[in-house]
Trainee: 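What follows is a single structure, and I will ask about it in a moment.
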Amino acid sequence: MNGITIALSKGRIFDETLPLLAAAGIVPTENPETSRKLIIDTNNPDVRVVIVRASDVPTYVQYGAADLGVAGKDVLIEHGCEGLYSPLDLKIAKCRMMVAVPDGFDYAKAIRQGNRLKVASKYTKIAREHFASKGVHVDLIKLYGSMELAPLAGLADAIVDLVSTGGTLKANKLVAVEHVVDISSRLVVNQASLKVKRDALQPIIDAFARAVEK
Ligand code: ATP
Ligand code: MG
């Protein structure tokens, strides 16, 4: 593929990447919220955007189906970094990975007593590493969404999930009890593309870097 392909997910990543793209002189011709197209042209005939699931962005970039992508640190940790160069923290889509439990559940006591905790999460790798580093024994239950429901429905004692305002936790009578890791989105670059298409990619990377620092 000649030209540059950029993998983005719709929603906050697309929205918050738009100003960075603009700083590189790239303006998508359509909005994925209103268009059903999965390949979106830009004002630059050599640059196109592909719209994929947030968790699929690293895969597209790793295999070179996209040269660039924007993915949350959560997604990058879960996916692993093979074949990916991740030069830049874009400081967008910021949130925190937290452990949360039902309001009234004595998490500290459960940990102190060495109880085996049932933990539900979409982020099982991050959760496993977090509890292992603390020496806490957990049974991990993999979910694909609506983690907040798991403790309420009796599926798990705790969840590991992304929190920004805490509104969703509160609405479901959950409280965050432990910080796992701060999350923001990073630029990811296919390593082979960076060598072969450096002349086209480096100016985009540099423009993103300057825009982030503003
Ligand atoms: P999908 O909706 O396809 O299942 P997703 O829920 O991970 O995937 P988004 O909700 O668009 O997709 O989140 C994309 C990225 O934005 C996440 O990987 C994370 O890095 C970040 N993110 C998720 N939730 C928040 C939030 N509440 N505030 C800020 N950033 C968030
Ligand atoms: Mg979502």
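Ligands are counted one by one from 1 in listed order, and the atoms in each one are counted from 1 as well.
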Trainee: Considering non-hydrogen atoms only, spot the tightest contact between I126 and D74 and give its length.
Mentor: CD1-O, 3.7 Å
Trainee: Could you see which bit of R96 sits under 4.0 Å from ligand 1, with heavy atoms only: side chain, backbone, both or neither?
Mentor: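 The answer is neither; R96 stays 4.0 Å or more away.
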Trainee: Any idea which atoms of ligand 1 are less than 4.0 Å away from a heavy-atom of I183?
Mentor: 20 (O)
Trainee: For A71 and L76, which heavy atoms make the closest approach, and how far apart are they?
Mentor: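 What the structure gives for the nearest pair is O-CD1, 3.8 Å.
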Trainee: With atoms numbered from 1 as shown, which atoms in ligand 1 lie under 4.0 angstrom from a non-hydrogen atom of C95?
Mentor: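 Every atom of ligand 1 under 4.0 Å from some heavy atom of C95: 22 (N), 25 (C), 28 (N), 29 (C), 30 (N), 31 (C).
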Trainee: Give the numbers and elements of all ligand 1 atoms closer than 4.0 Å to a heavy atom of G72.
Mentor: 20 (O)
Trainee: In the single-linkage hydrophobic clustering (I, L, V, M, F, W, Y; side-chain heavy atoms under 4.5 Å), do L8 and V75 co-cluster?
Mentor: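 No, L8 and V75 fall in different hydrophobic clusters.
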Trainee: Identify which of R53, E78, R12, R186 has a heavy atom lying nearest to atom 24 (N) of ligand 1.
Mentor: R12
Trainee: Which ligand 1 atoms, with their elements, are less than 4.0 angstrom from a heavy-atom of K94?
Mentor: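 Counting from 1, the qualifying ligand atoms are 28 (N), 29 (C), 30 (N).
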Trainee: Can you tell me how far apart OG (S185) and CD (E16) are? Round to the nearest 0.5 Å.
Mentor: 7.5 Å
Trainee: Near S164, which atoms of ligand 1 are under 4.0 Å from a heavy atom of that residue?
Mentor: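 By the 4.0 Å cutoff, the relevant atoms are 26 (C), 27 (N), 28 (N).
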Trainee: Considering D74, T168, D161 one by one, which has a heavy atom nearer to atom 17 (C) of ligand 1 than any of the others?
Mentor: D74
Trainee: Between atom CD1 of I205 and atom CZ of R210, what is the distance when rounded to the nearest 0.5 Å?
Mentor: 12.0 Å
Trainee: Considering residues, nucleotides and ligands other than K109, do more than 12 of their heavy atoms fall under 6.0 Å from its NZ?
Mentor: no
Trainee: Under 6.0 Å from the CD atom of E82, do we count more than 12 heavy atoms belonging to anything else shown?
Mentor: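 Counting neighbours around CD of E82, 12 or fewer heavy atoms of other residues, nucleotides or ligands fall under 6.0 Å, so no.
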Trainee: Mind checking whether G11 has a heavy atom under 4.0 Å from ligand 1?
Mentor: no
Trainee: Should the pair K125 and Y123 be classed as cation-pi, given the thresholds of under 6.0 Å to the six-membered ring centre and 45° from the axis?
Mentor: no
Trainee: Any idea which atoms of ligand 1 are less than 4.0 Å away from a heavy-atom of V75?
Mentor: 18 (O)
Trainee: For ligand 1, is there an N or O atom under 3.5 Å from any N or O atom of K122?
Mentor: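 In this structure, K122 places an N or O atom under 3.5 Å from an N or O of ligand 1.
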